[in-house]
Protein chains: 2
Amino acid sequence: MPNREATLATIQRELTAFARRARSKAARVHPKLSLVTYSMLDHMVETGGCRATDLACHFMLDKSTVSRQTATLERLGLMVRETDPDDHRGQILRPSEEGLRLLRDAHEQRRATYEQRLAGWADDDLERLAGYLQRYNSEG
Amino acid sequence: MPNREATLATIQRELTAFARRARSKAARVHPKLSLVTYSMLDHMVETGGCRATDLACHFMLDKSTVSRQTATLERLGLMVRETDPDDHRGQILRPSEEGLRLLRDAHEQRRATYEQRLAGWADDDLERLAGYLQRYNSEG
DNA sequence: CGGCAGAAGTTGTAGCATGCAACTGAAGAG
DNA sequence: CTCTTCAGTTGCATGCTACAACTTCTGCCG
């Protein structure tokens, strides 16, 4: 049985390896979208439409960066904006129909990738892993 | 008991969240080093001195990118290079004394971060998580 | 009411990482 | 010897990011 030090080192190493792979492989979940713009579109759906400031806060990015990324999304026809009726300074950002389609495709693609990768796993192992990851992310 | 679909979705979501956090938080593991340059120095140690081509292959980067990063490391006094005696085209890259010191600091810093984050975990939970992560990374 | 602080976004500027392509120098095959 | 291939560097372009200055609008306080 390995000691705690070694186990911690393994977890650290494996999570780092995962992060590196995620950045390089899943960096382009769609030809037109980077991981960040994809996540932004996703966040607009999850929140039911949000403002640029929300995105900046949630992803810890400068508002100028968000402004440029949303401009790109709009130029690609993947996002629409409407002035917030309650506060004319802000805008409500939502995916367009095409943006929603693209998001669904990307979701399905990623789901299939994970399903294939975890195909050989037993159900209870999957559930334990899911629980561990939730616990890890919620702490700290 | 959740179904397999839901469990897979959870794993996917949590790993994505982890990757996003890793990008923003662990982006700078040391004031002078980015995650990439840090990993490069680390790889030089693990391999006992390697060539730029090895780094490019291992990290899936263009050789020009590696060339510039190693130039930066050398300019910072963290790395030294010597012409490969067996092949005068290549160079053997190694951390300098200061590079090794800095690497040890960074290692310790990261180890402490993980230890703190996982402080409340039972040993067998840690070992199971480590095993799951190894299995996940080794497959696919 | 009128002015002023603060918030939401945009744009100018700069820095950094990265990739592709063209180039230099060296090793190895014929 | 010559030609090809490999290791590495450099020029150029691109994309993401931050900081700062500016615009427009809101909300508050005198």
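Everything numeric here is computed off the predicted structure, so don't read it as measured data. Throughout, protein chains are lettered first and strands after them, A, B, ... in sequence-line order, and every chain is numbered starting at 1.
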N/O donor-acceptor pair under 3.5 Å between Thr7(B) side chain and Leu126(A) backbone: no
Atom-pair distance (CG on Asp86(B); C1' on dA26(C)), nearest Å: 14 Å
Arg51(B) side chain near dA7(D) phosphate (N/O to OP1/OP2, under 4.0 Å): yes
Atom-pair distance (CG on Leu73(A); P on dC16(D)), nearest Å: 10 Å
Thr70(B) side chain, from C-beta outward: closest of dT9(D), dG9(C), dT17(D): dT9(D)
Nucleotide dG9(C), atom C1' - distance to CG of Leu61(A) in whole Å: 15 Å
Separation of atom CE in Met40(A) from atom P in dG15(D), rounded to whole Å: 16 Å
Thr53(B) vs dG8(D): side-chain N/O to OP1/OP2 distance below 4.0 Å: yes
Earlier contact from the 5' end, DNA chain D, for Arg89(A) and Lys63(A): Lys63(A)
Euclidean distance, atom CZ of residue Arg75(A) to atom P of dT11(C) [Å, nearest integer]: 11 Å
5'-most by nearest nucleotide on DNA chain C - Ile92(A) or Arg68(A): Ile92(A)
Distance below 4.0 Å between Thr65(B) side-chain N/O and dT18(C) OP1 or OP2: no
Asp87(A) side chain vs Asp84(A) backbone, donor-acceptor pair below 3.5 Å: no
No-hydrogen, no-angle side-chain donor-acceptor test under 3.5 Å, Asp42(B) and His107(B): yes
Under-4.0 Å side-chain N/O to phosphate OP1/OP2 contact, Ser67(A) with dT11(C): no
Side-chain N,O (Gln69(B)) to OP1/OP2 (dT18(C)) below 4.0 Å: yes
Nearest-angstrom distance from the residue atom CG of Asp84(B) to C1' of dG25(C): 15 Å
Arg94(B) side chain to Gly48(B) backbone, donor-acceptor under 3.5 Å: yes
His88(B) NE2 - dG8(D) C1' separation (whole Å): 15 Å
Gap between atoms CG and C1', on Asp87(B) and dT5(D) respectively (whole Å): 12 Å
Touch class at under 4.0 angstrom, heavy-atom based, for Asp62(B) against every strand present: base
Residue-phosphate contact under 4.0 Å: Arg81(B) side-chain N/O, dT9(D) OP1/OP2: yes
Nucleotide nearest Ser64(B) (side chain, heavy atoms from C-beta), chosen from dT17(D), dA21(C), dC12(D): dA21(C)
Connected via hydrophobic side-chain network under 4.5 Å: Phe59(B) and Leu93(B): yes
